[in-house]
Amino acid sequence: MKRFFALLCLISSCLTIYAQAPTHSPRIIRCLEHELVEMRDRQQPGYKAAVDATFEQAAMRVAHQQTSSRDGEVVYRIPVVVHVIYNTAAENLSDAVVATQIDKLNEDFRRMNADTTNTRDVFKPVAADANIEFYLANIDPDGNPTNGITRTQTDRTDFSSLAGIDPLSILTDLQACGLTLDEILGLFGLGTPPNLTAAEEACVNEVLAGFGGGMDEMKDDATGGHDAWNTDRYMNIWVCDLNGDNPSLGLILGFAYPPVGAPNWPAGQNGTAQTDGVCIHYQAFGNSTSNTAIFNPFSDDGRTTVHEVGHYLGLRHIWGDDACGVDDGILDTPDSDAASDAASGCNWSQNNCTGDGSPDQPDMIENYMDYSSDECQNLFTRGQVAIMRAMLEGPRNGLLWQNVLEAPNADFTANATNVIINTPIQFTDISANVPASWYWDFGDGGSSTEQNPLHTYAIAGTYNVTLTVENSFGFDFETKSAYITVNNPVGYNGSVLPQFNVLPNPTKGNVQVRLTNAHNAQVEVFNAVGAKVYESKMNEQLQFQLPTAGIYLVKVTANGLSNMTKLVVE
């Protein structure tokens, strides 16, 4: 029964409002994320489990301190494309309005908002700068310059997912499932919940599965919207009219899809590659000086979008979408039994779950993931920040493709370090700070520019392995000496590949070559274009100069076999 409770609650509120006079102000639905997940789970069984599994993986990563969530860590910058979809001139929001919303995201996620002074003392220790910033994309998916805003004029008057709800039809369909009127009222919290048979519950689920089928039509050219840009590389925000033809059913301000890890995606499903992102009602996008004054005072400062982006980065509603004792999965957000009522203002004494900590804490109405008025909200917690950063380092790491970071820190592993000749070895890059290119030197003359190459050694010996990584800020390399040991099969008696060290590496120009398992070798040095720049014979040790900076290949030949390594001259 609980599996479809959230949808029943939403439809129940619609049924209640349906009886009101149409002249009444529309009911404001601050966020549809929880109901959206429930709905998707009806249409794509296993979706909710996949979302939950992704959250638990992020929480486990946070618990083991595997994310860079501490203050002062690298700032993650997310490219944003805003799709403005309009029918009327009022819906065609200006570039200036879009800019105010991006500014608000950056203020709130960086904790640079002026109203941090309103954070109560009890919550100041856990309030945190997320070190996450947003910018309008400057390169489109085809590599062309862009301002990060698309504009689509549509024949659609609205994209409300509630517009297609016919409460009387829902009642009729539920009665066709064999439910009495009292049982239906019980489903919607207006009486005692009924004990349904398995067949009745299956029928109810089927009725609910069709709810909100047009939820994502603003994201499709074919239905009057605009196709997503690559949702792995851009945060897509669709801004459109979410007010339905029947405003008495309610006005949705926004919704967003949470991250779903690809390995957990239900078998046979297409995922959310075309629908992933954030959708905001046009009158809730921007701030009160630019666009949103209609929602004054409870949702007029751009924090509907802040809230939805929180969902997009993996955060749940702070009250856990249920009563006391059901948590949002984050330790430093106190329990609450329900969302705050934005229309009631900032109730600083609100404490709906007593005994939820030691000492007991009030409801955190300051939190962006509550439904409190925008004027009350002013923080994310450290725990929430850690979850969002874990999502950016995991299922949403594709968004970091344009990040301007620091130079990378090279590191790597191999799945085996002691093998028989001709055994494939998988090398894995674990470098930090988002490298853009890789160069592997396997110590046997072989190399690769793949991030995670597979390499096979044909000759027995002990090999140094070097990985050089680079991004726009610089390069780094890691050499693991005597990292791979390759053995001959039993009974093999052949020549051994010469082993040597080149020191220092990188160097300012002085080079020293030392043989470790051979004598009377030939040394050759080639530059980056393959031209030989140095040649000499040696016994056990050789010193020489390379005056020109660059990347070189040092080749040592002994006993008819050659070995090579890369040398960097700074």
Side-chain angles (χ1 to χ4, degrees), residues 405-412 414 417 427 429 431-433 435-451 453 455 457-486 495-570:
L405 305 172
E406 55 193 274
N409 293 321
D411 197 6
F412 62 91
T417 58
F427 291 89
D429 166 48
S431 304
N433 297 337
S437 63
W438 300 262
Y439 182 86
W440 295 83
D441 179 351
F442 300 113
D444 64 344
S447 63
S448 175
T449 56
E450 295 179 9
Q451 182 178 9
H455 185 69
Y457 291 85
I459 300 175
T462 302
Y463 298 93
N464 301 335
V465 178
T466 299
L467 169 62
T468 302
V469 291
E470 186 174 3
N471 64 18
S472 59
F473 264 57
F475 72 92
D476 187 37
F477 72 95
E478 172 73 9
T479 297
K480 298 190 178 183
S481 300
Y483 186 58
I484 301 295
T485 299
V486 180
S495 298
V496 178
L497 194 72
Q499 298 296 313
F500 63 96
N501 294 320
V502 177
L503 301 171
N505 191 0
T507 178
K508 298 295 185 182
N510 293 318
V511 183
Q512 184 179 85
V513 180
R514 295 178 181 175
L515 292 171
T516 60
N517 71 338
H519 301 278
N520 301 320
Q522 175 80 7
V523 176
E524 298 170 284
V525 180
F526 302 87
N527 64 18
V529 296
K532 186 186 296 186
V533 297
Y534 180 82
E535 181 177 13
S536 178
K537 294 186 180 296
M538 66 173 293
N539 187 6
E540 294 181 355
Q541 184 171 306
L542 175 68
Q543 290 183 319
F544 57 92
Q545 287 274 336
L546 291 175
T548 305
I551 296 177
Y552 295 85
L553 188 67
V554 179
K555 178 180 178 181
V556 175
T557 303
N559 301 320
L561 296 176
S562 296
N563 197 358
M564 290 176 284
T565 192
K566 186 172 65 174
L567 171 65
V568 177
V569 178
E570 297 176 331

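- Atom CZ of Phe500 sits about 9.0 Å away from atom CE of Met564, to the nearest 0.5 Å.
- Every ring-ring contact (aromatic ring centres under 6.0 Å, His included) that Tyr463 has, sequence neighbours left out, goes to Tyr457.
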Show your reasoning for whether side chain to side chain contact (heavy atoms under 4.5 Å, CB included) applies to Phe442 and Ser448.
-> CA-CA 8 Å; Phe442 300 113; Ser448 175; 3.9 Å; yes
Could you give me the CA-CA distance, side-chain angles and deciding distance for Asn563 and Ile459, then say whether side chain to side chain contact (heavy atoms under 4.5 Å, CB included) is met?
-> CA-CA 10 Å; Asn563 197 358; Ile459 300 175; over 6 Å; no
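- Note on residues 548-557: pairs passing side-chain hydrogen bond (donor to acceptor under 3.5 Å, both in side chains), not counting sequence neighbours, are Thr557-Ser562.
- In this structure Lys566 satisfies the salt bridge (charged side-chain N to carboxylate O under 4.0 Å, His left out) test with no other residue, sequence neighbours excluded.
- Using a 4.5 Å cut-off on side-chain heavy atoms (C-beta onward), Trp438 and Pro453 make no contact.
- Taking CG from Asp444 and NE2 from His455, the interatomic distance works out to 3.5 Å, rounded to the nearest 0.5 Å.
- Here the CG-CG distance, from Leu567 to Asn505, works out to 4.5 Å after rounding to the nearest 0.5 Å.
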Taking distance alone, no hydrogens or angles, what donor-acceptor pairs closer than 3.5 Å link side-chain atoms of residues 531-538 to residues at least two apart or in another chain?
| from | atom 1 | to | atom 2 | distance (Å) |
| --- | --- | --- | --- | --- |
| Lys532 | NZ | Glu524 | OE2 | 2.7 |
| Glu535 | OE2 | Gln522 | NE2 | 2.6 |
| Lys537 | NZ | Gln522 | OE1 | 3.2 |

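- Inter-residue side-chain proximity for Asp411 and Lys480 is flagged as met; some heavy-atom pair is nearer than 4.5 Å.
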Please report the C-alpha distance between Tyr439 and Ile551 in whole Å, then the side-chain angles of each, then the deciding distance to 0.1 Å, and finally whether the side chain to side chain contact (heavy atoms under 4.5 Å, CB included) criterion is met.
-> CA-CA 11 Å; Tyr439 182 86; Ile551 296 177; over 6 Å; no
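- Between Val525 and Leu546, the closest side-chain pair of non-hydrogen atoms falls below 4.5 Å.
- For Ser431, the side-chain contact (heavy atoms from CB on, under 4.5 Å) test picks out Ala410, Asp429, Pro435, Leu467, Val469, with sequence neighbours left out.
- Between the CD atom of Glu570 and the NZ atom of Lys508 there is a distance of 4.5 Å, given to the nearest 0.5 Å.
- Atom CG of residue Asp441 and atom OG1 of residue Thr479 lie 8.0 Å apart, to the nearest 0.5 angstrom.
- In this view, Phe412 and Trp440, Tyr483 satisfy the ring-ring contact (aromatic ring centres under 6.0 Å, His included) rule, not counting sequence neighbours.
- Between atom CD1 of residue Ile484 and atom OG1 of residue Thr462 there is a gap of 10.0 Å, rounded to the nearest 0.5 Å.
- Under a 3.5 Å cut-off, the side chain of Asn520 and the backbone N or O of Asn539 do not form any donor-acceptor pair.
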